[in-house]
Enquirer: 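One structure, pasted below without further comment.
In the text below, chain A, chain B and the rest are named by the order of the sequence lines, each starting its count at 1.
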There are 2 protein chains.
Amino acid sequence: MSRRGCLRKDNSSRRTPTIRDVAQAVGVSLKTVSRVINGDKGVSAETRKRVLAAIEALGYRPNALARSLRGRKTYTIGVIITDITNGFFSTIVRGIEDEAFARNYSVLVANSDELLEKEKLYVCIFVEKQVDGLIIVPATGSQEYLRDLASHIPLVFVDRPPRDFSGPVVQVENREGAYRLTRHLLEHGFERLAFLASDLRLPTVQERFAGFRKAMDEAGIVLHPEMVKDGAKTIHEAYRKTHELFVLPLRPQAIFAANNLVVQGVLKAIRERNLRIPQDVAVVGFDDFEMADLVQPRLTVVAQPAYALGKEAAVLLFSRMTCPSLAGETVVLPVEVVLRGSCGCEDAPQEEMFLKGVRSST
Amino acid sequence: MSRRGCLRKDNSSRRTPTIRDVAQAVGVSLKTVSRVINGDKGVSAETRKRVLAAIEALGYRPNALARSLRGRKTYTIGVIITDITNGFFSTIVRGIEDEAFARNYSVLVANSDELLEKEKLYVCIFVEKQVDGLIIVPATGSQEYLRDLASHIPLVFVDRPPRDFSGPVVQVENREGAYRLTRHLLEHGFERLAFLASDLRLPTVQERFAGFRKAMDEAGIVLHPEMVKDGAKTIHEAYRKTHELFVLPLRPQAIFAANNLVVQGVLKAIRERNLRIPQDVAVVGFDDFEMADLVQPRLTVVAQPAYALGKEAAVLLFSRMTCPSLAGETVVLPVEVVLRGSCGCEDAPQEEMFLKGVRSST
DNA sequence: ACTCTCAACGACAACGTTGTCAAGGAGGGG
DNA sequence: CCCCTCCTTGACAACGTTGTCGTTGAGAGT
């Protein structure tokens, strides 16, 4: 009487329980348990109840990995932005996440830091992790490397179109917004306008510059090269570039800051120089943010619908995931010029509820 | 001559290639290809070269899902914060993501919106997705539900300790920071201090309030209940609560805003009332952020090392992942009181490089 | 010539699910 | 009584990897 056959099928050890353990406990097949978990029909009420009880008792949790491997669907999307720390991008991510959450999807996030290599690496990692779709804020450089991938996995770009590659993009009216804002500046009578940007190679920045330029051209104003500054990728760099602007023999009368980081650097430099806004120099920015409303004077900006940008990108991605035949659409969201004090307008904060007749006390 | 045996093993159709396709192409076993992919030894240079060539030719990419299922490791961690839109949390996430990236890990993020149910749901989803670890900013409520989970998966909390549950936490000196800042306010001679918070049930807020209170007690100042306001979870709510503070018969001389959102609401209300800071009312905040430096006067705050908070949490998580025996540690990071103008101090912005002798021009 | 070692490689099972197909029994209609 | 249908259930394979173990053959040592 050997001990052969005494198979060590001891499942009692501390291991996270699987569907097999549940089946064994109830005395049914794997498939039956699977059916209960997925709410499939074809299970008697009696059996279902027993299976559910066993699941509860054992503390069984389905393994999404196995499910995904089998079902070829991970319910996960990848999001690559340049830097989550930037309020504009974190708001986009929030828009995406909310939409994903509503559809039972999770979100993998990555910061590319505007580095193409990092972007590529993350794309590779996320693809290997079998994400069901990818939303990308393309870094400077060529997105040509995505060509092959695009036919295998749904892809959507946000904020900027990719380079050397065409795919669905969700972006804002950069040109139009910059054009309108610049015109407004010109209507105030300013002529020496400076344009300060993070990176003129960025599509968004190019569009904004085009709008800026168009307004200038239409007004017949010559734009001096030294009034256009590039490379202000951080607040500090923007701050430095602003100072450079002010040591010029002909100082700018107004500064167009091409994004939210730049405008903060500009503000900092101006404060340091004890210049008054807008009397000594007017300032406007592209992209609104909470604090733009709280500095003195309040900042005039082009407000971008960052949250909607993310949400629409997600909506577009999901629609392409269910119906890949959709052609590469481009969605352009409207922007709004928000006039406050920094452009030279008289700043009239809207009265809010609590001020109805209460303004008295100092 | 029947057609039996003519098995339809046609792998040429457009399907993403697997390790099997590579093996077939080269004429070796699955295992050999696997070895090449993983850099295992036991493969001749010749074979390795041919396998690599086939991988390249077929555009093969390993499937991380299958790998993870087999290897019981996903190289993914889950991060649950309350709202990525809040600069404090997005910076924490950045700290985590950088550390994860350095270790070849990816990050799943989720916003709980301070809703316990949402937090639970995400924990459940992430666990099912087999994340290797979890970093959580616990929402208000009890984290007791994590008790069972904690023995199965490494868990680290950031910013706040969980309730009804003990686990490793990475947080800042809330009490100490608030205490020091409050003392500073008292040294300016203010006596009627108001404390405005998002939610007094939050551990961080409780600690900050305790520090605030301690300073007040030590100074022998009675704290009137109406000087403590709760429930300012958004900028707008903080704004409203601030107005409430000002219709009181005895208005506060200084306001302690318990977080970065609150301080923005406070600022907005004060602006609207045309009060001067700090002459009419002083303002200080907990948590520093870029714009605190740009409002007029600049904001005096307790600066929290948000990035380090995230980074340390990740470091702690990874160390627990490799060595689960580690007891539940608590890491407390130091804070710094940053004196600027809003507390009543004379605001002296530090001279920066560009101002060396340039200040002249107006 | 024989054994021994070691490198190179492969067959097989397993990770935890779910889709496919088929079986078994109950019930209804002729 | 038989056939057909429907409901419930289960066996098996497959998803794409990798760990275990076994096989083969070349070369070294005696």
Side-chain angles (χ1 to χ4, degrees), chain A residues 7-11 13 15-51 54-55 58-75 127-132 152, chain B residues 7-11 13 15-51 54-55 58-75 127-132 152:
Chain A
L7 298 180
R8 186 117 177 66
K9 202 88 184 202
D10 181 15
N11 284 335
S13 67
R15 221 200 50 223
T16 98
T18 74
I19 211 174
R20 169 167 278 110
D21 300 313
V22 177
Q24 216 158 342
V26 184
V28 295
S29 75
L30 299 183
K31 188 65 225 208
T32 299
V33 178
S34 171
R35 274 191 268 257
V36 171
I37 295 168
N38 294 290
D40 293 357
K41 57 184 175 185
V43 182
S44 70
E46 163 63 13
T47 308
R48 166 163 282 127
K49 203 164 64 179
R50 281 170 47 222
V51 170
I55 286 177
L58 272 65
Y60 165 79
R61 282 158 184 267
N63 182 324
L65 240 40
R67 262 210 246 239
S68 295
L69 179 59
R70 181 66 238 239
R72 304 172 164 288
K73 205 156 188 291
T74 54
Y75 286 93
V127 167
E128 289 188 359
K129 291 199 173 168
Q130 311 294 121
V131 292
D132 294 338
H152 293 310
Chain B
L7 297 180
R8 185 114 177 67
K9 202 90 184 198
D10 183 14
N11 284 334
S13 67
R15 221 198 50 222
T16 96
T18 74
I19 210 173
R20 169 167 279 108
D21 299 315
V22 178
Q24 216 158 343
V26 184
V28 294
S29 74
L30 299 184
K31 188 66 223 212
T32 299
V33 178
S34 171
R35 275 191 265 256
V36 171
I37 296 168
N38 295 289
D40 293 358
K41 56 185 175 182
V43 183
S44 70
E46 163 63 12
T47 308
R48 165 162 282 125
K49 201 164 67 181
R50 281 169 48 221
V51 169
I55 286 177
L58 270 65
Y60 164 79
R61 284 158 183 269
N63 182 325
L65 239 41
R67 260 210 246 240
S68 295
L69 179 59
R70 182 67 238 241
R72 305 172 163 288
K73 204 154 188 294
T74 54
Y75 286 92
V127 168
E128 289 188 359
K129 291 199 172 168
Q130 311 294 120
V131 293
D132 294 338
H152 293 309

Enquirer: Are any of the side-chain heavy atoms of B:Thr47 and B:Val36 separated by less than 4.5 Å?
Expert: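 No, too far: nothing below the 4.5 Å cut-off.
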
Enquirer: Does B:Thr32 make a side-chain N or O approach to OP1 or OP2 of C:dG10 shorter than 4.0 Å?
Expert: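 Looking at the OP1 and OP2 atoms of C:dG10, one of them is under 4.0 Å from a side-chain N or O of B:Thr32.
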
Enquirer: Could you tell me the separation between the CZ atom of A:Arg50 and the P atom of D:dT9, rounded to a whole number of Å?
Expert: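 My rounded result for the distance is 9 Å.
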
Enquirer: When you compare the side chain of B:Tyr60 with that of B:Ile37, does any pair of heavy atoms fall below 4.5 Å?
Expert: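 Yes. Closest side-chain heavy atoms under 4.5 Å.
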
Enquirer: For B:Arg20 and C:dC12, give me the distance from atom CZ to atom C1', rounded to whole Å.
Expert: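 One finds 12 Å between C1' of C:dC12 and CZ of B:Arg20, rounded.
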
Enquirer: To check you understand the geometry: which heavy-atom pair defines the closest contact between B:Tyr75 and B:Asp132, and what is its length?
Expert: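 Reported closest heavy-atom pair: N-OD2, 2.7 Å.
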
Enquirer: Can you list, in residue-number order, the parts of residues 62-75 of chain A that come under 4.0 Å of DNA chain C, counting heavy atoms only?
Expert: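 Of all residues in residues 62-75 of chain A, the ones placing a heavy atom under 4.0 Å from DNA chain C are A:Pro62, A:Asn63, A:Ala66, A:Arg67, A:Arg70.
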
Enquirer: Heavy atoms only: give me the nearest A:Lys41-A:Arg35 pair and the separation to one decimal.
Expert: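 Closest approach of A:Lys41 to A:Arg35, heavy atoms only: O-CD, 3.8 Å.
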
Enquirer: Looking at five pairs on each end of the helix from C:dA1-D:dT30 to C:dG30-D:dC1, what is the angle between the two axes, given to 10 degrees?
Expert: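 That helix has its two terminal axes inclined by roughly 60°.
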
Enquirer: Is the shortest side-chain heavy-atom distance between A:His152 and A:Val127 below 4.5 Å?
Expert: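 No; the side chains remain at least 4.5 Å from each other.
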
Enquirer: Is the closest side-chain heavy-atom distance between B:Arg67 and B:Pro62 below 4.5 Å?
Expert: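 A side-chain contact under 4.5 Å exists here.
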
Enquirer: Quick check: on DNA chain C, is the nucleotide nearest A:Thr18 upstream (toward 5') of the one nearest B:Thr47, or the reverse? Name the residue that is more 5'.
Expert: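 Checking each residue's closest nucleotide, the 5'-ward one belongs to B:Thr47.
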
Enquirer: Could you tell me which non-hydrogen atom of B:Thr74 sits nearest to which non-hydrogen atom of B:Lys129, and how far apart they are?
Expert: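 Between these two residues, the closest heavy atoms are CG2-O, 3.9 Å.
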
Enquirer: Taking all non-hydrogen atoms of both residues into account, name the closest pair between B:Val26 and B:Val51 and its distance.
Expert: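 So the minimum-distance heavy-atom pair works out to CG2-CA, 3.9 Å.
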
Enquirer: Give the rounded distance in Å between these two atoms: CD of B:Gln24 and P of D:dT17.
Expert: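 Checked: the CD to P distance equals 14 Å.
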
Enquirer: What's the CD1-C1' distance between A:Ile19 and D:dC12, to the nearest Å?
Expert: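 One finds 15 Å between C1' of D:dC12 and CD1 of A:Ile19, rounded.
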
Enquirer: Are A:Ser29 and D:dG10 close enough that a side-chain N or O sits under 4.0 Å from OP1 or OP2?
Expert: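 Yes, A:Ser29 has a side-chain N/O under 4.0 Å of OP1/OP2 on D:dG10.
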
Enquirer: Base, sugar-phosphate, or nothing: which does A:Arg48 touch, judged by heavy atoms less than 4.0 Å apart?
Expert: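 Contact class for A:Arg48: none.
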
Enquirer: Using whole Å, what does the distance between atom P of nucleotide D:dA14 and atom CG of A:Leu30 come to?
Expert: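 Going from A:Leu30 (CG) to D:dA14 (P), I get 16 Å.
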
Enquirer: Return the minimal non-hydrogen interatomic distance between B:Ala54 and B:Ala25, and the atom names on each side.
Expert: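 Heavy atoms of B:Ala54 and B:Ala25 come nearest at CB-CB, 4.5 Å.
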
Enquirer: Donor-acceptor check, side chain of B:Asn63 to backbone of B:Leu65, threshold 3.5 angstrom: yes or no?
Expert: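 Between the backbone of B:Leu65 and the side chain of B:Asn63 there is a qualifying donor-acceptor contact (under 3.5 Å).
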
Enquirer: Write down the distance between CG (B:Leu58) and P (D:dG16), rounded to a whole number of angstrom.
Expert: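 So the CG-P distance, B:Leu58 to D:dG16, works out to 14 Å.
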
Enquirer: Let's see if you get this right: which residues in residues 33-44 of chain B place a heavy atom under 4.0 Å from DNA chain D?
Expert: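 Going residue by residue through residues 33-44 of chain B, the ones with a heavy atom under 4.0 Å of DNA chain D turn out to be B:Ser34, B:Asn38.
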
Enquirer: If you count every heavy atom of other residues, nucleotides or ligands that lies below 6.0 Å from B:Lys49 atom NZ, does the total exceed 12?
Expert: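 No, NZ of B:Lys49 has 12 or fewer neighbouring heavy atoms, counting only those of other groups under 6.0 Å.
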
Enquirer: To the nearest angstrom, how far is B:Lys31 atom NZ from D:dT23 atom C1'?
Expert: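 The distance from NZ of B:Lys31 to C1' of D:dT23 comes to 16 Å, rounded to the nearest Å.
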
